[in-house]
Amino acid sequence: MKEARVLYWFRTDLRLHDSPALQAALDLKPAVLYPIFTFDPHYVYHSKGSGNRWQFLLDCQNDLSASITKLNPKSKLFVLREAPQTLLPKIFKAWRITHLVFERDTDSYARDRDRVVSSLARDAGVETVTRYGRTLWDSDAVVAKHGGKPTMSITQLQAAGKKVGAIPRPIPAPTSLPDPGETPIDFEQELPDADPDLNAPVREGEFKPFKTGIAGPHGDFRPEVLEELGFPPATTPHRGGETIALKMLDDIIADEEYTAKFQKPKTSPAAFEPQSTTLLSPHHHFGSLSPRLFYWRVQDLISRFKGSASAPPESLTGQLLFRDMYFAAQAAIGSPFTQTYNNPYCRFIPWHLPSHVESGTETGANAISGQYHIDSPQAERWFQRWKAGLTGFPWIDALMRQLKHDGWIHHLGRHSVACFLTRGGCYVHWERGADVFEEWLLDHEPACNAGNWQWLSCTAFFSQYFRCYSPIAFGQKWDKEGLFVRRWVPELKDLDAKYIYEPWKAPRSALDKAGVRIEGDGGLGSGGSGIGKREEGTYPEPMIDFNERRKVCLDAMKTAYQVGINGDDERVKNGTWRELFEAAGQGEMQEEDHAFSDADVDHADDAEHVSHKRKVPVKKEGPMDRHFKKIKKEE
DNA sequence: TTCGCTGTTGGTATT
DNA sequence: AAATACCAACAGCGA
């Protein structure tokens, strides 16, 4: 039998513990095994990032590489700088690969990419071996057991999961790894198409990685350093890597009371240093911690715990079930899951700032360009102030500033700011908020992000829209003294606790004592330039009358629920939805659109709000797009 | 078909 | 401090 020369392709499974795919690779008893990571230009140019998230990824790569070397001093993580769709065929040949092994992924870009890559492998006579390991259960298997439908509640997920079978026990990390072979790269590097570059507005320095050759600046396949990426320096204290993740898990499990009695709704969104939840979500995203390892560590503790343990959905294991629920929903719905348009399970609501929809896109493919229509200049100002943490509501602003700086906020904090932006204040489209979270969250996961925004905006998963988070009372409930606000909104750090959540109500004497004036709009009022350039010693006035807006939003939500159409409705696509909403009576609506015209979009660019603008990646044809089409035709 | 129950995590006023 | 009623009332599920 021919000896196996295995290319093990690490992607969102940057770990050695509990990796079903890595196990499958080792089961091939390979003569050589190359652990590789392809530095995919898609993620550099076509999906939004931040210095914080890049740092986390590089942490994971460096840690993994060190762990590999510990098992075999000849080996390491080989970081290859080129798109896998163009690179892998050349590597197959140059490194005489017989097997390509990787962990399957479920988001729509990954599925498309993997279909392309598997086909290229077949052409090259390379056998592709995949395993699934991103969630507790294989998401496709969950969908199959749920009648091919998306799991829209936690009970549905639990029922379907039960039918799939027991959650697999974690697989131990390997104790040895085969040598890698020679690594000739005497072929041409295909440079990625840098246009459109969604991150250009955020990037500060020159972007170098693809100019340094496939093996990097030192020719040794090392991961990049953050400076080479040109993003602003990371500001987050949260760091990546499997070693850190396993240590964090150990520390959590060691606190038996905390682990066994964990109730998510009772953990405080205002807690900081330390936070009240585990901070493990970014590790699940990058794969530096397996959800099954986490699950079984908790479950084994609970089964020997003396006392009353909490149970799903509130418990720690319940949190993992929600993650599985969103993954399985995405697996069933496909690419429309991350948007309203074409999504049969997402209620249509005529929010402000709707996404620009590519005309003539009738397939299930992603039709949202990332650009949006400014139907209401006021809503645009509210959105920009929300993003900048200058709404004039200290609780909201503290959360948004923590989000930008740390790349993480507590789940209930996400509820607060999401409700405020959408159905409980600004009536801005949930897709705008999801865009911001996508850019800033370390733990950004397409399925969970879209699912949670749909939940909070009452467009799917959740529907009790009259349960509305107060930007004042909700924070007060957790943090009477306003310590969290003082930490993130230093303008107010000396203000009496009595007014910390409502500084506009403070008397002159209290404000003088705290050395702050409540005035202005945070410097975003005229044209949007000068974020954060508000006058020294001031904090903005509240941008909305919350109680008034709450009523307006409730009315509008009621109307939308009466109309009751979803994103795949013909009337959503052809624009006749407007008549339905007019007939249904009161409720805020998008202003009439000469919408969806380029002129509007350009206007937004003039206002320097470019960071949320995307050109259309799917429209631009690169080499791999052509290949993808070819494969589609074959099927 | 209708009914009643449940759904991870609300706000406010009152006791 | 904590429990309760009320707000105004959705969607999915199972009986």
Side-chain angles (χ1 to χ4, degrees), chain A residues 146-147 149-162 261-271 275-278 281 298 309-326 329 332 343-349 393 395-396 399 409-425 448 451-480 501-502 545-567 584 586-587:
Chain A
H146 193 53
K149 290 184 302 198
T151 46
M152 300 303 286
S153 72
I154 205 67
T155 43
Q156 289 177 358
L157 183 274
Q158 284 172 303
K162 205 172 170 187
K261 293 186 168 177
F262 184 92
Q263 289 175 281
K264 185 67 162 277
K266 292 188 182 166
T267 59
S268 170
Q275 296 86 347
S276 60
T277 51
T278 66
S281 51
V298 173
S310 58
E314 296 183 330
S315 65
L316 278 180
T317 54
Q319 309 315 302
L320 292 166
L321 294 175
F322 277 108
R323 185 170 173 274
D324 266 52
M325 178 182 83
Y326 290 131
N343 184 343
Y345 287 83
C346 183
R347 184 178 296 278
F348 172 77
I349 294 176
F393 291 89
W395 172 246
I396 300 296
L399 286 162
I409 53 177
H410 186 279
H411 191 62
L412 292 179
R414 302 180 196 196
H415 279 211
S416 268
V417 300
C419 183
F420 185 84
L421 182 69
T422 59
R423 66 182 168 85
C448 300
N452 277 314
W453 274 96
Q454 286 168 34
W455 184 299
L456 261 298
S457 60
C458 290
T459 47
F461 298 100
F462 183 70
S463 53
Q464 286 169 271
Y465 55 78
F466 44 87
R467 289 193 180 172
C468 181
Y469 286 83
S470 162
I472 297 138
F474 190 71
Q476 254 162 359
K477 175 173 137 186
W478 296 101
D479 180 10
K480 291 264 186 302
Y501 291 97
E502 301 170 280
D545 178 329
F546 174 68
N547 286 325
E548 189 185 288
R549 288 298 306 172
R550 184 178 179 275
K551 282 199 196 78
V552 170
C553 287
L554 276 174
D555 278 345
M557 292 298 289
K558 193 172 169 182
T559 303
Y561 267 72
Q562 276 168 7
V563 170
I565 54 174
N566 289 338
Q586 59 184 345

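Residue numbering restarts at 1 for every chain, and letters A, B, ... go by the order of the sequence lines.
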Distance in angstrom units between [X] [atom1] and [N] [atom2], rounded:
| X | N | atom1 | atom2 | value |
| --- | --- | --- | --- | --- |
| A:Phe420 | B:dG11 | CZ | P | 14 Å |
| A:Lys266 | B:dG10 | NZ | C1' | 16 Å |
| A:Tyr469 | C:dC7 | OH | C1' | 17 Å |

Handout entry: First encountered from the 5' end of DNA chain C, between A:Thr155 and A:Tyr465
Key = A:Tyr465
Exercise for the section: Look up atom CG in A:Asn566 and atom OH in A:Tyr345, then write down how far apart they are to the nearest 0.5 Å. Expected result: 9.5 Å
Indicate yes or no: at least one non-hydrogen side-chain atom of [X] is less than 4.5 angstrom from one of [Y].
| X | Y | value |
| --- | --- | --- |
| A:Trp455 | A:Tyr326 | yes |
| A:Phe466 | A:Lys558 | no |
| A:His415 | A:Cys419 | no |

Practice task
Once you apply the 3.5 Å cut-off to both distances, tell me the Watson-Crick or G-U wobble partner of C:dA8, or none.
Solution key: none
Fill in the blank from the handout: By the Watson-Crick or G-U definition, both distances under 3.5 Å, C:dG14 is matched with B:dC3
Handout entry: Options C:dC13, B:dT9, C:dC10, nucleotide nearest the side-chain atoms of A:Leu412
Key = B:dT9
Fill in the blank from the handout: From the candidates C:dC10, B:dT12, B:dG10, the one with an atom nearest any side-chain atom of A:Arg467 is B:dG10
Would you classify [X] as touching base, sugar-phosphate or nothing, given that sugar-phosphate means primed atoms plus P, OP1 and OP2, and contacts are heavy atoms under 4.0 Å?
| X | value |
| --- | --- |
| A:Trp478 | nothing |
| A:Lys558 | sugar-phosphate |
| A:Gln156 | sugar-phosphate |
| A:Arg347 | sugar-phosphate |

Practice task
May I ask whether A:Phe322 stacks on the base of B:dT8, given the cut-offs of 5.5 Å between ring centres and 30° between planes?
Solution key: yes
